[in-house]
Amino acid sequence: MASNGTTPRTKICVYCGSSPGKNPAYIDAARELGKLMAENKIDLVYGGGTVGLMGEVAKTIVSIAGPDAVHGVIPEALVKWERDGTYSSTKDANGYHVPEEQVYGRTTVVKDMHTRKQMMAREVIEGGPGSGFIALPGGYGTMEELLETATWNQLGIHDRGVCLLNTNGFYDGLTQWIKTAVDEGFIKAGNADILVTANDATGALQALREYKVSDARYGLNWGNE
């Protein structure tokens, strides 16, 4: 429950590429995820870019649910890379260029990647039922954030679901790696499903709602981390 006694809004952090990818199915998947999140009153936390899949998810949700439903968090150094022309005219209170809020939602510029990831994760952890993390297709950055989030789950830092939205079989190689790691004794069998998989946006939202925490996670005490 929130401090005022109400149930917090569900929040999903979406990891995805700042490129659209070569297959139109990826943009379609991003747009469909944004549409379903907005229709189900689920807020987005994401990396703050306005281009590629991340920009598509954000502007889709804002177009339906308004700017308060989206919070982008981006490091200062990445602003000039993960942006389009909407960054050129608007500045926040600290003088940073940020995208148009009525198109992409609220944006927070932070100093480094660690602060970005911590801020995004904290919003999800404090969110309502069905909150969690979804990975659309992406590159190194998407994979790094995804696997760190899964590791945090394994270590007991959080208990939120982590879902691969496996559009066009994009994550087949990763799911096969998990299976191999289990077979070869590097991942406990009970932790194989820390990362769950869905083939479409509907399945991904359902996977987070029904997520079951693994009994094989490490029982570590992280205090307020």
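All values reported here derive from a predicted model rather than from experimental measurement. The figures that follow rest on heavy atoms only: side chains count, while hydrogens, waters and symmetry mates do not.
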Visitor: Could you give the side-chain donor-acceptor pairs of residues 180-190 under 3.5 Å, partners two or more places apart or in another chain?
Guide:
unit_1 : atom_1 : unit_2 : atom_2 : d
Thr180 : OG1    : Gln176 : O      : 3.0
Thr180 : OG1    : Gln176 : NE2    : 3.4
Asp183 : OD2    : Lys179 : NZ     : 3.1

Visitor: Within the structure provided, determine whether Ser19 and Leu53 are in side-chain contact (heavy-atom separation under 4.5 Å).
Guide: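 Ser19 does not reach Leu53 side chain to side chain.
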Visitor: Which heavy-atom pair separates Tyr26 from Pro20 by the least distance, and what is that distance?
Guide: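 Between these two residues, the closest heavy atoms are CB-O, 3.7 Å.
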Visitor: Who passes side-chain contact (heavy atoms from CB on, under 4.5 Å) against Asp43, sequence neighbours left out?
Guide: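 Expected list: Arg9, Lys11, Ala69.
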Visitor: Considering only heavy atoms from C-beta outward, does the side chain of Lys35 approach that of Arg31 to under 4.5 Å?
Guide: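 Sidechains of Arg31 and Lys35: no contact.
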Visitor: With sequence neighbours excluded, tell me which residues meet side-chain contact (heavy atoms from CB on, under 4.5 Å) with Met143.
Guide: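 Only Leu146, Leu147, Tyr171, Leu174 meet the side-chain contact (heavy atoms from CB on, under 4.5 Å) criterion with Met143.
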Visitor: Looking at CE of Met120 and CD1 of Ile74, how far apart are the two atoms once the value is rounded to the nearest 0.5 Å?
Guide: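 Nearest 0.5 Å value for the CE-CD1 distance: 10.0 Å.
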Visitor: List for me each residue that meets side-chain contact (heavy atoms from CB on, under 4.5 Å) alongside Leu208, sequence neighbours excluded, and say none if there are none.
Guide: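 Per chain and number, Leu208 pairs via side-chain contact (heavy atoms from CB on, under 4.5 Å) with Ile12, Ile134, Cys163.
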Visitor: Under the rule for ring pair (Phe, Tyr, Trp, His ring centres under 6.0 Å), what residues qualify as partners of His158, not counting sequence neighbours?
Guide: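 So His158 forms a ring pair (Phe, Tyr, Trp, His ring centres under 6.0 Å) with Phe133.
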Visitor: Roughly how far apart are Leu136 CG and Glu32 CD, rounded to 0.5 Å?
Guide: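 Going from the CG atom of Leu136 to the CD atom of Glu32 covers 11.5 Å.
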Visitor: Give the minimum heavy-atom separation between Trp152 and Ala121, together with the two atoms involved.
Guide: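 In this case the closest contact between Trp152 and Ala121 is CZ3-CB, 3.7 Å.
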Visitor: Just wondering, do Tyr46 and Val70 contact through their side chains at under 4.5 Å, heavy atoms?
Guide: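 A side-chain contact under 4.5 Å exists here.
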Visitor: Find out whether Val14 and Met54 are in side-chain contact, i.e. whether some heavy atom of one side chain is under 4.5 Å from a heavy atom of the other.
Guide: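 Sidechains of Met54 and Val14: no contact.
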Visitor: Where is the tightest heavy-atom contact between Leu44 and Ala58, given as atom of each residue plus distance?
Guide: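 Shortest heavy-atom separation between Leu44 and Ala58 comes out as CD2-CA, 3.7 Å.
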Visitor: Does a donor on one side chain and an acceptor on the other come within less than 3.5 Å for Asn166 and Thr197?
Guide: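 No, Thr197 and Asn166 have no side-chain donor paired with an acceptor closer than 3.5 Å.
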Visitor: Going by heavy atoms in the side chains, are Tyr218 and Ile157 under 4.5 Å from each other?
Guide: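 No, side chains not in contact.
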Visitor: If only side-chain N and O atoms count, and only distance matters, is there a donor-acceptor pair under 3.5 Å linking Asn153 with Asp159?
Guide: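 There is no such pair (donor and acceptor under 3.5 Å, judged by atom type) between the side chains of Asp159 and Asn153.
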Visitor: Rounded to the nearest 0.5 Å, what's the gap from CD1 on Ile61 to CD on Glu39? Could you check?
Guide: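 Rounded to the nearest 0.5 Å, the CD1-CD separation comes out at 11.0 Å.
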Visitor: Looking at every heavy atom in both Thr167 and Ala29, which two are closest together, and how far apart are they?
Guide: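 That closest heavy-atom pairing would be OG1-CB, 3.3 Å.
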Visitor: Same hydrophobic cluster for Val57 and Ile64, using side-chain heavy-atom links shorter than 4.5 Å among ILVMFWY?
Guide: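 Val57 does not cluster with Ile64.
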Visitor: Quiz question: by atom type and distance under 3.5 Å, do the side chains of Thr149 and Tyr15 form a donor-acceptor pair?
Guide: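 Yes, because at least one side-chain N or O of Thr149 sits under 3.5 Å from a partner of the opposite role on Tyr15.
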Visitor: Strictly by ring-ring contact (aromatic ring centres under 6.0 Å, His included), give each pair with a member in residues 107-131 just once, sequence neighbours left out.
Guide: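 Residue pairs with at least one partner in residues 107-131: there are none.
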Visitor: With a 4.5 Å cut-off on side-chain heavy atoms, are Gln102 and Val62 touching?
Guide: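 With C-beta onward as the side chain, the pair stays apart.
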Visitor: Grouping I, L, V, M, F, W and Y whenever their side-chain heavy atoms are under 4.5 Å apart, do Val162 and Phe170 come out in a common cluster?
Guide: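 Same hydrophobic cluster.
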Visitor: Given Met119 and Val110, is the side-chain contact (heavy atoms from CB on, under 4.5 Å) satisfied, shown in steps?
Guide: CA-CA 9 Å; Met119 184 177 291; Val110 296; 4.0 Å; yes
Visitor: Without swapping roles, check the side chain of Thr60 against the backbone of Gly34 for a donor-acceptor pair under 3.5 Å.
Guide: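 Between the backbone of Gly34 and the side chain of Thr60 there is no qualifying donor-acceptor contact (under 3.5 Å).
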Visitor: Ion pair present between Glu145 and Lys117, side-chain N to carboxylate O less than 4.0 angstrom?
Guide: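 So Glu145 does not pair with Lys117 through a salt bridge.
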Visitor: Answer yes or no: is there a side-chain heavy-atom contact under 4.5 Å between Leu205 and Met37?
Guide: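 The answer is yes; the side chains approach within 4.5 Å.
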Visitor: With rounding to the nearest 0.5 Å, note down the distance linking CD1 in Ile125 to CZ in Arg160.
Guide: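 Those atoms lie 8.0 Å apart.
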Visitor: Say whether, by atom type as modelled, one donor and one acceptor occur between the side chain of Tyr211 and the main chain of Ser131 under 3.5 angstrom.
Guide: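 A pair under 3.5 Å: no.
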Visitor: Atom CG in Asp28, atom CG in Asn168: separation rounded to 0.5 Å?
Guide: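 Answer for the CG-CG pair, Asp28 versus Asn168, is 11.0 Å.
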Visitor: Are any non-hydrogen side-chain atoms of Pro75 and Asp112 less than 4.5 angstrom apart?
Guide: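 With C-beta onward as the side chain, the pair stays apart.
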Visitor: Are Val196 and Leu165 connected, step by step, through hydrophobic side chains (Ile, Leu, Val, Met, Phe, Trp, Tyr) whose heavy atoms are closer than 4.5 Å?
Guide: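 Not linked; separate clusters.
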Visitor: Can you measure from CG (Asn191) to CD1 (Ile178) and round to the nearest 0.5 angstrom?
Guide: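 Between Asn191 CG and Ile178 CD1, I get 10.5 Å after rounding to 0.5 Å.
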Visitor: Could you pull out the closest heavy-atom pair between Pro129 and Thr7, with the gap in Å?
Guide: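 Looking at all heavy atoms of both residues, the shortest contact is CD-CG2, 3.7 Å.
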Visitor: Which heavy atom of Arg217 sits nearest a heavy atom of Gly156, and at what distance?
Guide: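 Heavy atoms only, the tightest pair is NH1-CA, 3.8 Å.
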